[in-house]
Amino acid sequence: MPAWRDMLRAGIGVPAGVLGVLAMVILPLPPMALDVLFTFNIALSIVIVMAVFYVARPIEFGVFPTVLLLATLVRLALNVASTRVVLLHGYSGPQAAGHVIQSFGEFVVGGNFAVGVVVFIILTIINFVVVTKGSGRISEVSARFTLDAMPGKQMAIDADLNAGLITQDEARTRRAEVRAEADFYGAMDGSSKFVRGDAIAGILILLINIIGGLAIGTIGHGMAVTDAVHTYTLLTIGDGLVAQIPALLLSTAVALIVTRMSRPQDMGGELRRQLFGNPKALGVAAGLLGVMGLIPGMPNVPFLLIATLCGAAAYIINRRRQAAAAVSAAPKPAPQASETRELTWEDVRPVDLVGLEVGYRLVSLVDKRQSGDLLGRVRGVRRKLSMELGFLVPAVHIRDNLDLAPNVYRINLSGVPVGESVIYPDKELAINAGRVFGPLQGIATRDPAFGMEAVWIDAASRDHAQALGYTVVDPSTVIATHLSFIIQSHANEILGHEEVQQLLNGLAKGAPKLVEDLVPRVLPLSAVVRVLQSLLAERIPIRNIRTIIETLAEHAPRSQDPAVLLSQVRVALGRQIVQDIAGIATELPVITFEPELERLLSGSLTANSTSPGLEPGLAERLQQRVAEASRRREASGEAPVLLVPPPLRAQLSRFLRAALPNLHVLAWNEIPDNRKVRVVTAVGR
C-alpha cells in the first residue's frame, strides 16, 4: 500500500490509468472485468455530477475539462471491449458479455429489443439534441465573452490596486483567477465537442453491433435469423444503455457547470430561494392547479394534492416574511434625554482633518447592515497611502449631510470642500480608459478622480462593458479612488507637527543620537515640518526618513533656510526620486531649456530671488511650450521630466506646478551617477 501511495503522489496514477484505457482497446477482457469496469464508469459519472452540483464556483473545478476527456475515453474503450466480447461470444447467450449488460438488456428494457431500441433512441436524442447541443453553445458563448472581458477585468484590478483597496498579493490572486476563468471556459468550449462526438459514436456503435452480430451469428455460427436478432440485439441494446446513461450524466454535468454564475454560490440554496422563495408564484400555481383539479374527467386527487402543498408553502413563506418585516419595523426605544448641563470646552469639537460627507441615498454604502463596504475601502486607501507616503494618514470621518443632494458626496480637508461628485448607488461606473470598442447606454459623466469619460450603467451590463474594453467599478470604489487622489494631491497639507513628531519618535528608537542632536538642538521642529511638507508638495514620499534627517543634521549648522535644506535633501534622495519616475531603466529622457532661455531665466532669478521675474508674454509662452513637450512625452508613455540648473529648480517647480501637475522638475545634481540622461526636447523662447 505505501508503494502505491508513493506512486500516486509521484503523479504516475493518471498516466497508468490512460495506459490501462488503451490496453482495454487492445486486450480482450473477461465478462467479470467488464462488470466491474461498467459499474465503475457509472459510479464515476455520478461522482462527477455531484461534484459539479456542490462546487461553489466553476473555476474551483478547473480540472473538469480533463476529467471529462478521461471519462469519455474510458467509456469509448469499454464500448470497444464490450463490442469485441459481444461479437466473439454472443452466440452463447445473453450472459456472454457479463451480468451488467445482461441486466440492462433484460431487466431495464423488459427483454424486448424493440423497447430497448426505442429507449436507446430517446436517450440519444435527449443527450445529443438537447443537453449536448445547448451546453456546447453556452460553452462557446461563455468562452468568447470571458476572453473579450479580460482586458477590462485586468484594468479593474489595477484600479483597485492603485486605489489601495487591495494589496499586491490580492491583486496577483485576482489576476490568476481571471486567467484561470478564461482558461477554464476556453477548455470547456473544446471539451464539449468530446461529449457531442461521444453521442455520435454511440449511435454508430449500436448500428455496427447489430449488423455485425447478425452477420456473425447467422453466417459464422449457423444461428437462426430470429435467434440471432433476439440475442445480438438485446446484447447490443444493453451495451448501449450501459454506456449511454453515464454519457447522459456527463452531458448534464457539462450543462450544469457552464450555466453556473462565476461568483460563489450555494446552488441548492439559490434554487430554493429564487424558485420557491416567492409566495406569489406558489399561490398562483396553487390556484391554477386547484381549478384544473376540479374539472370533471381530470385526475382530481393528484392536482388537488399538489395545489394544497403549493398553497400551504405560499402561506408559510408569506407569514415568515411578514414576521421579519414586523421585527425590522418595530420602533426602537428612544434614548433617555440627558440632564441639562452647562457647555464646556469639550462641546467645541475640532474640525476633521479629512472628512467625507454623503447624501442620504448614499448612506447604504456606509451601513454594513445593508452590505455597504465603503468603510473597508476607505481603510484600504489609508493603509496603502500610509505605506506609500511614509506617514500615517489620519482617519477619515464619514457622516451624512442632509444639505447635500441625495446622490452627492463631498470630500473636505480641514472643513473646506476640495472634491464633490454624484454617485448612483444602484449602478456601476464604466470608465473609458482610451481603448474601447463601442458606446454604452447609460448616464454620461466623468471619472471624478482623473476626469476620464465614463458612463453609469446597470450592474447587469458589467460583462458587456468589460468586453468592450471599459474599466467597470462599483460606487464605493469610485469614492475611494477619488478620496485617494485627493489625499495624494494634498498630502503636504495633511502632514502636521504631530505626524512629524511621531516620525521622529519612531526614528529615535533606532537612532536616538541622530534625532537628539538635530531637534530641537540645531533645527526647530517647524523647520523639519516645512521641509517634509515641501517634499510631499512635489510628490516625493518621505518613507526614507532616516536619510532625510541625516541630511538635515549635516547641513542645518550652516543654514536653517527651509529652501536650502530642501535642495540638499532632494540631492540626497536623488536615487529614490529618479527611481519613482523612470523605474529601473538606466536612461532618463528629459526636457531642457535652450542656452539663451536658460541664461535669461538665470538673470531674472538674480534680479528677483523669490520667483523668475519674466514679462507676462514670455511666461505664458514658456508654460505653453513646456506643456506641449510634456504632452508629447506622456503620449509616448514616458513621464515628463524637465532638467534645469540647481538655482532655477525651486522657482520653476512652483511656477509650473499648478498648470502641469504631472511634470517633474529636477536639478542636474539630483541625477544619480548610474543614470544616463537623454535630451529629447529643448524648449526655447
Would V665 and L643 satisfy side-chain contact (heavy atoms from CB on, under 4.5 Å), going step by step from the backbone distance to the final call? CA-CA 6 Å; V665 182; L643 191 63; over 6 Å; no

For V396 and V381: C-alpha separation, side-chain torsions, deciding distance, then whether side-chain contact (heavy atoms from CB on, under 4.5 Å) applies. CA-CA 10 Å; V396 180; V381 168; over 6 Å; no

In sequence, state the C-alpha distance, the side-chain angles, and the governing distance for V422 and T445, and then conclude on side-chain contact (heavy atoms from CB on, under 4.5 Å). CA-CA 9 Å; V422 178; T445 183; over 6 Å; no

If you apply the rule side-chain contact (heavy atoms from CB on, under 4.5 Å), what do you find for V644 with F593, and how did you get there? CA-CA 7 Å; V644 298; F593 291 132; 3.7 Å; yes

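For the pair P541 and D580, the minimum side-chain heavy-atom distance is below 4.5 Å. Put simply, the side chain of F655 reaches to within 4.5 Å of the side chain of L622, judged on heavy atoms. Between L356 and H397 the shortest side-chain heavy-atom distance does not fall below 4.5 Å. Considering only heavy atoms from C-beta on, E420 comes within 4.5 Å of V408 through its side chain. You'll find the side chain of I577 reaches within 4.5 Å of the side chain of I540, heavy atoms only. Using a 4.5 Å heavy-atom threshold, the side chains of I494 and L353 count as touching. Considering only heavy atoms from C-beta on, P448 comes within 4.5 Å of V478 through its side chain. For the pair V473 and E428, the minimum side-chain heavy-atom distance is 4.5 Å or more.
No donor-acceptor contact under 3.5 angstrom links the side chains of Q624 and E628, judged on distance only. For the residue pair E357 / N401, a side-chain donor-acceptor distance below 3.5 Å is found, with atom types taken as modelled.
Heavy atoms of other residues, nucleotides or ligands lying less than 6.0 angstrom from CZ of R175 number more than 12. Heavy atoms from other residues, nucleotides or ligands lying under 6.0 Å from CD of Q501 number more than 12. Annotation: R657, atom CZ; neighbour count of heavy atoms from other residues, nucleotides and ligands within 6.0 Å is above 12. Within 6.0 Å of CZ in R539 there are more than 12 heavy atoms belonging to other residues, nucleotides or ligands.
Proximity of a side-chain donor or acceptor of S630 to a complementary backbone N or O of V626 within less than 3.5 Å is detected. Between the side chain of H490 and the backbone N or O of I486 there is at least one donor-acceptor pair closer than 3.5 Å. Judged by distance alone, the side chain of D458 and the main-chain N or O of S461 form no donor-acceptor pair under 3.5 Å. Remark: side-chain polar atoms of D367 are not paired, donor with acceptor, to backbone N or O of V363 under 3.5 angstrom. Using a distance-only test at 3.5 Å, with no hydrogens or angles considered, a donor-acceptor pair links the side chain of E499 to the main chain of G496. Using a distance-only test at 3.5 Å, with no hydrogens or angles considered, no donor-acceptor pair links the side chain of Q576 to the main chain of L573.
Taking each heavy atom of P425 and L362 in turn, the nearest pair found is CD-CD2, 3.8 Å. Residues A629 and I591 come closest through the heavy atom pair CB-CD1, 3.7 Å. Across every non-hydrogen atom of P417 and N412, the tightest pair is CA-OD1, 3.2 Å. Closest heavy-atom contact between V366 and L375: O-CD1, 3.7 Å. Scanning all heavy atoms of the two residues, the minimum distance from V528 to I549 falls at CG1-CD1, 4.3 Å. Residues V680 and P589 share a closest heavy-atom pair of CG1-CB, 3.8 Å.
With values rounded to the nearest 0.5 angstrom, I423 atom CD1 is found 9.5 Å from H482 atom NE2. The distance from atom CD of E498 to atom CG of L525, rounded to the nearest 0.5 Å, is 9.5 Å. Note: D447 CG to E453 CD = 11.5 Å, rounded to the nearest 0.5 Å. Atoms OG1 and CD1, from T481 and I431 in turn, are 7.0 Å apart once rounded to the nearest 0.5 Å. If you take CD on Q502 and CG on L507, they are separated by 13.0 Å, rounding to the nearest 0.5 Å. Between L588 atom CG and L666 atom CG the span is 7.0 Å, to the nearest 0.5 Å.
Using a 4.0 Å cut-off between charged nitrogen and carboxylate oxygen, R377 and D474 count as a salt-bridge pair. With respect to R649 and E538, a salt bridge is recorded, a charged nitrogen being found less than 4.0 Å from a carboxylate O.
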Sequence neighbours excluded and cut-off under 3.5 Å, please list the side-chain donor-acceptor pairs for residues 386-395, or say none.
residue, atom, partner, partner atom, Å
S386, OG, R382, O, 2.7
S386, OG, V393, N, 3.0
E388, OE1, K384, NZ, 3.4
E388, OE2, K384, NZ, 2.5

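The distance between the ring centers of Y470 and H464 does not fall below 6.0 angstrom.
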